[in-house]
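Structure first, commentary second.
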Amino acid sequence: MKVGSIVVGILLLAVAVWILVTMDNVTARYLGGAVLGVLGIALLFAGFRAEKAS
């Protein structure tokens with residue numbers, strides 16, 4: 001588990017939700033929110049992925 005990746009993923013998801021709520025431009029709202037949401041989810045999965053024991 002990588003704590004830094006998890007924290008950044010949560011922050012990106014929070015910014016994506018903020019963009020979806022506050023932006024006036026529909027294209028920027030959905031495109032920006034979707035891109036940041038996908039990146040946030042990818043970082044969360046990478047952070048929660050179990051490391052292999054050697």
Side-chain angles (χ1 to χ4, degrees):
M1 187 162 99
K2 299 174 185 171
V3 177
S5 178
I6 294 170
V7 170
V8 172
I10 290 172
L11 287 174
L12 283 176
L13 286 176
V15 170
V17 169
W18 179 73
I19 285 174
L20 285 171
V21 172
T22 61
M23 293 283 285
D24 290 333
N25 188 351
V26 176
T27 304
R29 179 171 56 194
Y30 290 122
L31 187 61
V35 168
L36 287 177
V38 168
L39 286 174
I41 291 171
L43 281 173
L44 279 175
F45 280 134
F48 279 122
R49 190 175 60 209
E51 295 179 7
K52 294 182 179 179
S54 52

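Sequential numbering from 1 along the given sequence is applied to the chain's residues.
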Would you give the length of the straight line joining atom CG of Asp24 to atom CZ of Arg29, rounded to the nearest 0.5 angstrom?
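Asp24 CG to Arg29 CZ: 8.0 Å, rounded to 0.5 Å.
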May I ask whether Trp18 and Tyr30 are part of the same hydrophobic cluster, defined by side-chain heavy atoms of I, L, V, M, F, W, Y residues being less than 4.5 angstrom apart, directly or through others?
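No: no chain of side-chain contacts under 4.5 Å links Trp18 to Tyr30.
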For [X], side-chain contact (heavy atoms from CB on, under 4.5 Å) partners two or more places apart:
X	answer
Val17	Val21
Ile19	Val15, Met23, Leu36
Asn25	Thr27, Ala28
Leu44	Ile6, Ile10, Leu13, Phe48

Starting from Val38, walk the hydrophobic network (Ile, Leu, Val, Met, Phe, Trp, Tyr; side-chain heavy atoms closer than 4.5 Å) and list everyone else you reach, by chain and number.
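Members alongside Val38: none; it stands by itself.
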Is it true that a side-chain atom of Ser5 and a backbone atom of Leu43 form a donor plus acceptor pair closer than 3.5 Å?
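Looks like yes, one N/O pair under 3.5 Å.
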